[in-house]
Amino acid sequence: MILVAGDDKDSGTALAWATLCAGAPALDAIEQGVRAVEANAEDHSVGLGGYPNALGVVELDAGVMDGRTRASGAVGGLRGFAHPVSVAYAVMRRLPHVLLIGEGAARFAAEIGAERADLLTDTTRTAWGAWCAGQGLDRAVLDRVSLVEAVWGGHDPQRPGGTTVYLAQDAAGDIAAATSTSGWAWKYPGRLGDTPVAGAGFYADNRYGAAACTGMGELAIRTGLARSAVLYMKMGMPVIEAVDEALGDVQSLPGVAGDITLYAIDAQGGYAVAAIWAGERSVEYTMAVHGDEAPTRCAARRVLAK
Ligand code: ASP
């Protein structure tokens with residue numbers, strides 16, 4: 001059984017599937033798929049053309065996890081490089097660390113010869129300018145004013161499908177997860193969401209399955225969401241019940257208002273996706289799934305709220 005599952009952006013999952021069919025390991029295949037989404041300047045939530053932070057600077061987050069060993073690599077707040085997912089993968093392979101941020105991440109990216117890019121496009125510069133104007137912020141003095149109030153008006157305009165998240169199982173049965181995002185538009189500089197945080201935004205364990213999230217990353221961090229979904233599978237729940245149970249943990253947070261989508265695969269080739277939208281859990285959602293049988297775009301199965 002080989003399988004690629006994830007959000008249904010662009011043709012990234014199709015590329016990941018083709019790479020997997022050509023014999024690539026799961027993590028290599030989904031790295032290629034995520035890179036395709038990162039290169040798309042029309043997607044304003046990932047990579048090139050992602051919306052910037054409140055200061056107009058694009059800061060990218062990405063993470064990978066290898067379900068064979070549960071080795072992981074991630075970068076947060078990476079500026080000026082085109083493919084954070086590949087830098088994250090290199091963190092896993094080449095360093096004794098799991099997560100690099102900011103200047104250190106950029107230094108490492110330069111050291112390994114990662115592709116540089118000017119991530120802010122005319123479109124996103126204009127959108128950021130409009131946001132500043134809407135907040136009454138003078139762009140010339142942003143370094144000297146408080147952003148505390150303004151960032152409450154920040155959001156991900158493409159939520160809850162902002163991040164790109166891919167999961168895969170290869171012919172050897174190995175499972176992997178990969179994520180990439182520019183995070184919330186107009187976020188406070190230095191803000192990290194769940195996407196570069198193993199256990200929150202992604203998790204992979206060959207024994208049980210893998211999971212990854214899009215949406216309000218703060219909620220996934222607070223609940224250890226991706227890890228929870230895999231843990232519920234370990235406890236014996238079918239994958240669809242596991243994602244439902246994990247989203248129930250999000251709903252149990254007092255005063256929570258935020259959208260989140262949770263994607264998962266199990267070690268037997270099963271998959272599921274569920275979401276919380278506008279306070280309602282278990283709405284129908286879609287994910288792209290390419291499996292042995294026939295490549296298909298699957299509609300999520302409805303998960304019954306408990
Ligand atoms: N999860 C991402 C974050 O919180 C954003 C998103 O998926 O829309 O940075």
Side-chain angles (χ1 to χ4, degrees), residues 5-10 12-13 33-34 37-38 40 42-47 49-54 57-65 74-79 84-85 88 99 101-102 105 119 124 127 131 151-167 177-203 210-229 243 246-247 250 253 256-264 273-278 283 285-288:
D7 60 82
D8 53 2
K9 290 178 171 210
D10 316 311
T13 47
V34 171
V37 182
E38 289 174 340
N40 178 6
E42 303 305 314
D43 187 317
H44 299 308
S45 297
V46 181
Y51 285 126
N53 66 19
V57 179
V58 182
E59 295 184 324
L60 302 178
D61 308 329
V64 301
M65 191 154 184
V75 289
L78 179 66
R79 301 176 175 191
V85 72
L99 173 59
I101 60 163
L119 299 165
T124 54
W131 174 77
V151 293
W152 285 91
H155 66 293
D156 180 345
Q158 295 185 8
R159 69 179 179 167
T163 307
T164 200
V165 300
Y166 289 172
L167 310 169
T179 61
S180 185
T181 194
S182 51
W184 281 43
W186 342 127
K187 62 193 174 186
Y188 201 98
R191 176 266 184 189
L192 299 182
D194 57 326
T195 304
V197 180
F202 61 96
Y203 200 77
C213 319
T214 65
M216 188 176 180
E218 284 76 1
L219 303 181
I221 293 174
R222 289 170 66 190
T223 54
L225 193 58
R227 168 71 175 135
S228 292
V243 294
L247 287 181
V250 175
L253 297 172
V256 157
D259 300 327
I260 198 147
T261 305
L262 179 58
Y263 302 80
V273 58
I276 298 173
W277 280 4
V283 296
Y285 198 60
T286 58
M287 72 194 298

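Just so you know, ligand 1 is whichever comes first in the structure, and atom 1 is the first atom listed for that ligand.
- Within ligand 1, the atoms closer than 4.0 Å to a non-hydrogen atom of T163 are 1 (N), 2 (C), 5 (C), 6 (C), 7 (O), 8 (O), numbered from 1 in the order shown.
- For atom 1 (N) of ligand 1, the choice among G193, G217, A185, G215 with the nearest heavy atom turns out to be G215.
- W186 and Y51 have tilted rings, their planes meeting at an angle from 30° to 60° on a 0 to 90° scale.
- Residue T214 approaches ligand 1 through these ligand atoms, each under 4.0 Å from one of its heavy atoms: 7 (O).
- Between the side chains of T195 and T181, no donor-acceptor pair of N or O atoms lies under 3.5 Å.
- Closest heavy-atom contact between V75 and P196: O-CB, 3.3 Å.
- Residue T195 touches ligand 1 through its side chain alone, judged by heavy-atom distances below 4.0 Å.
- If you look at E59 next to ligand 1, there are no close heavy atoms at all, none under 4.0 Å.
- Considering L247, V243, L219 as possible partners of L225, the one that fulfils the side-chain contact (heavy atoms from CB on, under 4.5 Å) test is L247.
- In this structure, R191 has a heavy atom closer than 4.0 Å to ligand 1.
- Distances below 4.0 Å separate heavy atoms of D194 from the following atoms of ligand 1: 1 (N), 2 (C), 3 (C), 4 (O).
- Taking a cut-off of under 4.0 Å to the non-hydrogen atoms of G183, the atoms of ligand 1 that pass are 9 (O).
- Considering D194, V34, L262, T214 in turn, T214 is the only one that fulfils the side-chain contact (heavy atoms from CB on, under 4.5 Å) rule with V165.
- A donor-acceptor pair is defined here as one N or O able to donate and one able to accept, closer than 3.5 Å; such a pair exists between the side chain of K187 and the backbone of E59.
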